Amino acid sequence: MEKRTVLQARRADSIGQQVCLEGWVRTRRDSKGGFSFIELNDGSCLANIQVVADNQLSNYENEVKHLTPGCSIRVVGEIKESQGKGQATEVQASEVFLFGTADAETYPLQKKRHTFEKLREWAHLRTRSNTFGSVFRVRNRVSYSIHQFFQERGYLYVNTPVITASDCEGAGEMFRVTTLDVDQPPKVNGKVDFSKDFFARPTYLTVSGQLEGEIFATSLGKVYTFGPTFRAENSNTSRHLAEFWMVEPEIAFADLEENMEVAEAFLKRIFSDVMNDCAEDMAFFNERIAPGILDTLQGIVESEFLRCSYTDAIDILQKSGQEFEYPVTWGMDLQSEHERFLTEQHFKRPVILHDYPRSIKPFYMRCNDDGKTVRAMDVLVPQVGEIIGGSQREERLDVLESRMKEQGLDAEEYWWYLDLRRYGTIPHSGFGLGLERVLQFITGMGNIRDVIPFPRTPGWAEF
Ligand code: ATP
Ligand code: MG
Ligand code: MG
Ligand code: MG
């Protein structure tokens with residue numbers, strides 16, 4: 001007997017096949033005349049398949065008629081054409097085997113609807129709900145698209161370290177990794193003695209794989225890293241997690257212009273893949289969570305991204321007549337309210353902002369000749385704000401060294417990074433895309449905690 005998924009069994013071309021399906025009961029309804037309809041879901045798609053079970057089954061009276069939501073079963077039977085609305089097929093069961101019951105009194109996924117917040121507290125239940133099933137199927141597709149996009153263009157996939165000694169972003173948002181006894185650390189002259197630590201120096205969880213990615217890009221060409229990233233920031237916002245997934249391409253010999261082109265093509269590829277391959281899940285989001293998102297994504301795929309310099313954006317914001325909580329001045333880092341005004345009210349679509357003030361950007365970004373700005377870019381989208389941050393990297397050794405001094409960094413610690421400029425330096429660029437931010441945009445899920453399997457936020461890491 002061939003095992004099939006519900007996704008496969010729902011296709012009209014499977015009619016006539018003898019199959020075996022395994023999954024969880026969503027509902028059971030009994031009909032007069034001695035038969036029951038069971039809605040079965042196995043996570044392969046949003047939809048259920050209808051199983052028709054009748055009193056010819058030996059366990060009909062004592063098991064089938066007692067199936068409740070959450071029970072796990074195996075069904076063997078024939079796929080038949082269905083007269084029911086919204087379904088091409090159904091299964092006429094010749095055998096229903098019960099794996100596990102789910103007590104109807106305590107199983108919480110009964111008729112009642114739960115908030116996403118509540119579902120986060122129930123490990124087993126969240127993933128069995130329609131919304132989260134769709135979220136994680138779309139997340140899976142986006143992850144696959146990420147690899148496809150870069151692999152098809154000849155990028156090398158590099159795994160950068162999770163444990164690192166450098167603070168790439170200089171924002172002081174790092175989690176420390178240590179084997180020292182934190183209650184009674186060894187000390188010399190009143191200071192913690194890290195020479196006694198596992199690595200004999202202070203180490204942290206990575207905030208970005210960029211600097212290490214640059215080592216590979218400046219020898220192997222075009223590379224990308226895709227993995228978990230950690231930031232001990234106040235993640236009590238709907239757009240920040242303490243652990244999130246970031247994709248970071250690093251492109252040898254690319255200037256900011258090429259970097260922006262890659263970012264645009266990359267996002268368009270992700271959006272078309274989810275529209276093509278997650279049609280059912282995307283229809284669900286379009287109807288229930290993010291009205292109009294399909295038209296929005298289609299519009300983005302079909303048009304060119306807008307570009308706007310930081311300086312022009314400041315001008316737009318200042319002339320907008322809008323009352324912002326944070327007043328707009330040249331040199332400030334844009335806040336969410338400003339990014340949202342630009343994408344939702346002014347441009348009414350995604351926009352790439354570029355050439356930011358050097359004072360608010362990390363040391364590694366390439367300085368412009370104006371002495372005030374760096375070759376940075378952010379891709380902003382409506383509702384979410386920044387989904388990509390990137391830049392052309394400073395390839396001139398002397399400029400890089402003086403920038404590090406300017407930002408109070410110890411050049412000696414970055415000797416390995418400076419060597420990339422000392423020996424055969426090249427212009428190069430790259431960016432970081434937050435996987436969860438993109439998923440928020442695609443699905444319309446308001447809270448970033450609801451697009452990652454296991455959200456890590458202040459005060460929560462139980463499972
Ligand atoms: P933000 O301004 O939103 O705090 P950032 O400028 O600090 O973001 P970058 O250092 O530019 O972030 O990181 C690149 C990308 O990683 C961002 O564009 C965003 O998509 C994502 N990202 C950054 N911080 C987080 C976080 N705490 N949780 C989830 N995604 C994040
Ligand atoms: Mg940040
Ligand atoms: Mg930012
Ligand atoms: Mg950024």
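Here the structure is a predicted model, which is why all the values come from computation and not from measurement. One-based numbering along the sequence shown.
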Test applied, side-chain contact (heavy atoms from CB on, under 4.5 Å); reference residue, Ile352; option that passes from Val379, Leu306, Asn259: Val379
Check: Thr101 side chain, Cys71 main-chain N or O, donor-acceptor pair, under 3.5 Å: no
Side chains of Thr27 and Glu39, donor plus acceptor under 3.5 Å: no
Arg393/Glu250 salt bridge by N-O under 4.0 Å criterion: yes
Residues, nucleotides or ligands: over 12 heavy atoms within 6.0 Å of Gln184 CD: no
Thr106 side chain to Asp103 side chain, donor-acceptor N/O pair below 3.5 angstrom: yes
Test salt bridge (charged side-chain N to carboxylate O under 4.0 Å, His left out) applied to Glu394 and Arg403, step by step: CA-CA 9 Å; Glu394 182 56 73; Arg403 278 280 281 161; over 6 Å; no
Minimum heavy-atom distance between Ile300 and Pro350, given as atom pair plus value: CD1-CG, 3.5 Å
Residues Glu63 and Lys65 bridged, charged N to O under 4.0 Å: no
Atom pair CD (Glu2) and CG (Leu21), whose distance is rounded to the nearest 0.5 Å: 11.5 Å
Validation row: Phe305, Val351 side chains within 4.5 angstrom (heavy atoms): no
Beyond-backbone contact of Leu211 with Tyr364, side-chain heavy atoms, under 4.5 angstrom: yes
Salt bridge present between Asp193 and Lys187 (N-O < 4.0 angstrom): no
Check: Phe441 ring centre within less than 6.0 Å of Phe271 ring centre: yes
Over-ring placement of Arg126 relative to Phe132, 6.0 Å and 45° cut-offs: yes
Side chain to side chain, Asp378 and Ile388, heavy atoms closer than 4.5 Å: no
Any side-chain donor near an acceptor of the partner, Ser336 and Arg340, under 3.5 Å: no
Residues, nucleotides or ligands: over 12 heavy atoms within 6.0 Å of Phe99 CZ: yes
Min side-chain heavy-atom separation Phe216-Val223 under 4.5 Å: yes
Distance in Å, Ile73 CD1 paired with Glu95 CD, rounded so as to fall on 0.5 Å steps: 11.0 Å
No-hydrogen, no-angle side-chain donor-acceptor test under 3.5 Å, Asp273 and Ser145: yes
Heavy-atom side-chain proximity of Thr457 to Arg449 below 4.5 angstrom: yes
Closest non-hydrogen atom pair between Phe285 and Met445, with its separation: CE2-SD, 4.5 Å
Side-chain heavy atoms of Phe149 within contact of Ile270, under 4.5 Å: no
Cationic N near anionic O, under 4.0 Å, Arg307 to Glu257: yes
Residue pair Asn130 / Arg26, side-chain donor-acceptor N/O under 3.5 Å: yes
SB check Arg201 Asp197 (cutoff 4.0 Å): no
Plane angle bin for Phe266 and Phe150 - parallel if under 30°, tilted between 30 and 60°, otherwise perpendicular: tilted
Any side-chain donor near an acceptor of the partner, Glu339 and Gln335, under 3.5 Å: no
Flag if over 12 foreign heavy atoms under 6.0 Å of CZ, Phe324: yes
Minimum heavy-atom distance between Leu46 and Ser134, given as atom pair plus value: CD1-OG, 3.4 Å
Phe253 ring center within less than 6.0 Å of His428 ring center: no
Identified salt bridge (Lys or Arg N to Asp or Glu O under 4.0 Å) counterpart of Asp355 within the set Arg375, Lys361, Arg366: Arg375
Approximate separation, where rounding is to 0.5 Å, of Cys308 SG and His354 NE2: 6.5 Å
From CA spacing to verdict: side chain to side chain contact (heavy atoms under 4.5 Å, CB included), Tyr414, Phe363: CA-CA 12 Å; Tyr414 289 87; Phe363 72 95; 4.3 Å; yes
Whether Phe230 and Phe175 hold their rings parallel, tilted or perpendicular, with breakpoints at 30° and 60°: perpendicular
Candidate pair Thr164 and Ser166, rule side-chain hydrogen bond (donor to acceptor under 3.5 Å, both in side chains), full reasoning: CA-CA 6 Å; Thr164 152; Ser166 52; 3.2 Å; yes
Gap separating the CZ atom of Phe226 from the CD atom of Glu248, nearest 0.5 angstrom: 11.0 Å
Interatomic spacing from CZ in Arg120 to CD1 in Ile452 - rounded to 0.5 Å: 12.0 Å
Criterion side-chain hydrogen bond (donor to acceptor under 3.5 Å, both in side chains) on Glu212 and Tyr417, from CA distance to verdict: CA-CA 8 Å; Glu212 294 91 346; Tyr417 187 70; over 6 Å; no
Arg231/Phe244 under side chain to side chain contact (heavy atoms under 4.5 Å, CB included): CA gap, chis, key distance, verdict: CA-CA 8 Å; Arg231 294 195 186 177; Phe244 63 98; 3.8 Å; yes
Lys/Arg-Asp/Glu bridge criterion (N-O < 4.0 Å) met for Arg269, Glu152: yes
Heavy-atom donor-acceptor pair, Glu344 side chain to Gln383 backbone, under 3.5 Å: yes
Presence of salt bridge, Glu264 and Lys268, under 4.0 angstrom: yes
Tyr224-Tyr157 aromatic ring centre distance below 6.0 Å: yes
pair Trp245-Thr229: side-chain heavy atoms closer than 4.5 Å: no
Ion pair Glu386/Arg437, N-O distance below 4.0 Å: no
Heavy-atom pair of closest approach, residues Cys278 and Arg141: SG-CB, 3.6 Å
Closest approach of Gly70 to Ala102 (non-hydrogen atoms, all atoms of both residues): C-CB, 3.6 Å
Heavy atoms from other residues, nucleotides or ligands near CZ of Arg176 exceed 12 (cutoff 6.0 Å): yes
Heavy-atom check, side chain of Ser14 versus side chain of Gln8, under 4.5 Å: no
Trace of the side chain to side chain contact (heavy atoms under 4.5 Å, CB included) decision for Leu334 with Leu317: CA-CA 10 Å; Leu334 295 183; Leu317 291 166; 3.9 Å; yes
Step-by-step side chain to side chain contact (heavy atoms under 4.5 Å, CB included) determination, Leu294 to Asn286: CA-CA 6 Å; Leu294 284 173; Asn286 194 55; 3.7 Å; yes
CG-CG distance between Asn447 and Leu241, expressed to the nearest 0.5 angstrom: 8.0 Å
Side chains of Gln440 and Glu436, donor plus acceptor under 3.5 Å: no
